[in-house]
Amino acid sequence: MQYRDEPAAMTGAQAVAGLLGDTPQRDYTEKLRLFNAFARPELREAIDALAVGAGERVLDAGCGTGEAVGWFHESARNRALVVGMDLAAAHVRIARRSAPTQAPILQADMLRPPLADGSFDVVWAVNSINHLHDPVAGVRVLSKLLRPGGRLVVGQSSLLPDMYFAWDARLEQRVNDAVRAYYRERYGRSEHEFTAVRALVGWLQASGLPQVAVRTRMIERTQPLAEADERYLRDAIFRGTWGERLRPYLHPGDFDTLARLCDPDDARYALRRPDFHFLQSLTMAVATKA
Ligand SMILES: C[S@@+](CC[C@H](N)C(=O)[O-])C[C@H]1O[C@@H](n2cnc3c(N)ncnc32)[C@H](O)[C@@H]1O
């Protein structure tokens, strides 16, 4: 199989950022690494459930920092050909370092992949299709890369509201609303567009893939938290996603309570509570090409 990076497509993609702000220059490698270390058990289980066989060809579309590329290799006992593809130069750089050396990692726009039609048995796109302005167009392009009988796996975390504070459902709801308001404002999107982001099954059907099987796993964590869990929740969520940016969207009293729950130096730090119970959904829709 021949591959090439796509500098021409990169120039075009620079002009229009994706729905959630992705460009070839954008870099959120740290958040991706934290998430993959945290959700590794559930992601590995989803990959193993696909039972990729020897000699099969797998594409990870929007591979980020490349963890899933390595997991597909392990799952198929190094007998599958796994290719990673991502728009962002920084993500591709890290993926090339972390994925097995035999795995090609391409920098390309998944809407214009430098790959031949019909050349993959499995295309895996997790938390990436929802970054496109037109996810159905993305699904159509990716399904063309499949051979007949091949499988397209579209996955997304958090189709259900994340649950952080088992002891305070009201604050949890306020925080989830504040995050949505922040994203609406930051990306200038309407609530309708974010609602449409949730329709994995509908996107696959609209792309001419009627045979869809869907399964939602819960990423569920209680005490004792593993180090990867604590690092993701503290660094990627409490500091990276929440923090000061939520202040304008919360009542001052709620912001103060949240700040204390998120502060490892405060006696009320959420991740030390014995009743800490975290839930996040991870939905995978698998379509088989006729
Ligand atoms: C939320 S991350 C998910 C990464 C990875 N799949 C994972 O689960 O960790 C979304 C990824 O999609 C990539 N991406 C966004 N738009 C893209 C496009 N048009 N073509 C290729 N990759 C894209 C981003 O650069 C980013 O790495």
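Every number for a ligand or one of its atoms is a count from 1 in the order of the listing.
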Worksheet item: Does E227 come within less than 4.0 Å of R234, counting only side-chain N to carboxylate O?
Response: no

Discussion item. So that I can tick it off, tell me whether E185 and R180 are bridged by a salt bridge, with the cut-off set at under 4.0 angstrom between side-chain N and carboxylate O.
Written reply: no

Worksheet item: For D275, what residues pass the side chain to side chain donor-acceptor pair (under 3.5 Å) criterion, not counting sequence neighbours?
Response: R273

Discussion item. Give the residues near ligand 1 by chain and number, with the criterion being a heavy-atom distance under 4.0 Å.
Written reply: D22, Y28, L32, N36, G62, C63, G64, D86, L87, A88, H91, A108, D109, M110, V126, N127, S128, H131, L132

Worksheet item: Tell me, which pairs form a salt bridge (charged side-chain N to carboxylate O under 4.0 Å, His left out) where one or both residues lie in residues 63-84, sequence neighbours left out?
Response: R44-E74

Worksheet item: Under the ring-ring contact (aromatic ring centres under 6.0 Å, His included) test, which residues partner W242, sequence neighbours left out?
Response: Y164, F165, F238

Item to complete: Output yes when R57 and D121 qualify as a salt bridge under the 4.0 Å nitrogen-oxygen rule, no when they do not.
Response: no

